[in-house]
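To keep things clear, I will list the structure first and then write my remarks on it.
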Amino acid sequence: SGVTAQDLTGGSGGTYVGNVVLGAPGALPGDPDTAVAFDGSNGAVQVDRFPFLGNAPFSLEAWIKPVFNGVYDTIAARWAEPPMYIGYDFWQFDANVGIARDGSVGQQDVIQTGTLVEGAWTHVVATYDGEQLVLYVNGREETSGASKQSLPDAGLPFEIGATAAAGGSSRRGGGRN
C-alpha cells in the first residue's frame, strides 16, 4: 500500500491502496513480467485525474481470473454509487463481464456477456468510441450497445480493482492481476 504504480506508456501513474501483492505470477506462462494481485477486499490502484468524461473515447483491458462468488467485482472504474450513479464501471459477476456508463439517475447504459469460465485466465476489453460500447473476451467481440449520454465528473479517482463509490469503497475486485 502507498507504493507508486507506474504507467509504462508514460501516462498517469497511480498509487496502490489496501492489500495488494506485487510480483505475483501473471496470466502468461513463462512471462518474466510479473503482475499485481488484488485481495478481493480493499486492494486497488488509484489514479487521480484520469479522463473519460463527457463522451471521450476509451479502451480498458485486463487479464482476469474470475471467481464465481455472487459478488460484482470491479475490474476498473470511475463510479459514484447511490444516490447519483455517475461514471463507468467495468465489472465481472460470476460468468458475466460487463461495462456500465451512467450520466445521471435512470440513464444507465449497460452491456454484458456471460462467457467467462471460473478460474481460467481471461483477456477482457471494453471500448467506447463516443457512441458505442463494445465488449471483447479473449479477442472476440461478444456484444455492443449504444451509449450517447455525456458523463459529468463524479469527483472520484479512476481505480483498478475497486470502486471508490460515494460513502466508501464498494464492489471490490477479487483475483485481479
Side-chain angles (χ1 to χ4, degrees), residues 17-21 24-31 33-47 50 52 57-82 85-103 106-129 131-149 151 154 156 158-166 168-177:
V17 296
N19 297 313
V20 298
V21 176
L28 305 175
D31 187 347
D33 290 333
T34 59
V36 176
F38 302 111
D39 70 350
S41 175
N42 67 359
V45 174
Q46 289 184 342
V47 181
F50 205 68
F52 307 156
F58 64 83
S59 293
L60 299 170
E61 71 175 294
W63 281 95
I64 64 171
K65 192 173 185 181
V67 174
F68 293 4
N69 59 6
V71 174
Y72 280 89
D73 290 329
T74 293
I75 299 166
R78 189 172 189 198
W79 185 258
E81 297 245 344
Y85 291 109
I86 294 174
Y88 51 89
D89 187 11
F90 187 25
W91 51 266
Q92 176 255 320
F93 176 80
D94 293 343
N96 300 293
V97 63
I99 186 159
R101 285 185 79 250
D102 199 337
Q107 297 293 316
Q108 191 171 82
D109 300 322
V110 179
I111 59 172
Q112 66 180 353
T113 184
T115 58
L116 302 180
V117 175
E118 186 170 22
W121 280 108
T122 307
H123 185 240
V124 293
V125 179
T127 66
Y128 179 66
D129 66 3
E131 294 186 359
Q132 193 84 0
L133 288 164
V134 182
L135 275 176
Y136 299 86
V137 176
N138 291 326
R140 185 174 142 210
E141 183 178 327
E142 293 289 335
T143 189
S144 63
S147 183
K148 297 181 181 181
Q149 62 185 313
L151 299 186
L156 297 170
F158 173 74
E159 290 193 309
I160 301 167
T163 304
S169 297
S170 70
R171 298 204 315 200
R172 297 288 182 179
R176 305 284 175 254
N177 286 25

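These values consider heavy atoms only, across backbone and side chains, with no hydrogens, waters or symmetry-generated copies. We count residues from 1, following the sequence as given. Bear in mind the structure is a predicted one, so any value in this text is a computation, not a measurement.
Closest non-hydrogen pair, Val67 versus Asp73, comes out as O-OD2, 4.2 Å. Between Gly26 and Ala35, the shortest heavy-atom distance links the atoms CA-CB, 3.9 Å. Across Gln132 and Ser144, no two heavy atoms sit closer than the pair NE2-OG, 3.6 Å. Smallest separation of non-hydrogen atoms from Ala100 and Val110: CB-CG2, 3.8 Å. Closest of all the heavy-atom pairs between Pro66 and Ala120 is CD-O, 3.2 Å. Scanning both residues, Leu60 and Ala76, for their nearest heavy atoms gives CD1-CB, 4.5 Å.
One finds the CZ atom of Arg101 at 11.0 Å from the CD1 atom of Ile111 (value rounded to the nearest 0.5 Å). Rounded to the nearest 0.5 Å, atoms CH2 (Trp63) and CG (Asp31) are 10.0 Å apart. We find the CG-CZ distance between Asp89 and Arg78 to be 13.5 Å, quoted to the nearest 0.5 Å. Taken from CG in Asn138 to OG1 in Thr115, the straight-line distance is 7.5 Å, to the nearest 0.5 Å.
Residues satisfying the side-chain hydrogen bond (donor to acceptor under 3.5 Å, both in side chains) criterion with Glu61, sequence neighbours excluded, are His123. Applying the side-chain hydrogen bond (donor to acceptor under 3.5 Å, both in side chains) rule to Tyr136 yields no partners; only residues at least two apart in sequence or on another chain are considered.
In this structure the side chain of Val36 never reaches within 4.5 angstrom of the side chain of Val45, judged on heavy atoms. In this structure the side chain of Asp129 never reaches within 4.5 angstrom of the side chain of Thr127, judged on heavy atoms. Counting only heavy atoms from C-beta outward, the side chains of Phe90 and Leu135 approach each other to under 4.5 Å. Residues Trp121 and Leu28 are not in side-chain contact: their nearest non-hydrogen atoms beyond the backbone lie 4.5 Å or more apart. Considering only heavy atoms from C-beta on, Ile75 comes within 4.5 Å of Val124 through its side chain. Between Ile64 and Leu116, the closest side-chain pair of non-hydrogen atoms falls below 4.5 Å.
Panel note: side chain Glu141, backbone Thr143; no donor-acceptor pair is recorded below 3.5 Å. Glu118 places a side-chain N or O within donor-acceptor distance of the main-chain N or O of Phe68, the cut-off being under 3.5 Å.
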Output, in order, the C-alpha distance, side-chain angles, deciding distance and verdict of side-chain contact (heavy atoms from CB on, under 4.5 Å) for Thr74 and Phe38.
CA-CA 11 Å; Thr74 293; Phe38 302 111; over 6 Å; no
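The six-membered or imidazole ring of Tyr128 lies away from that of Tyr88, with a centre-to-centre distance of 6.0 Å or more.
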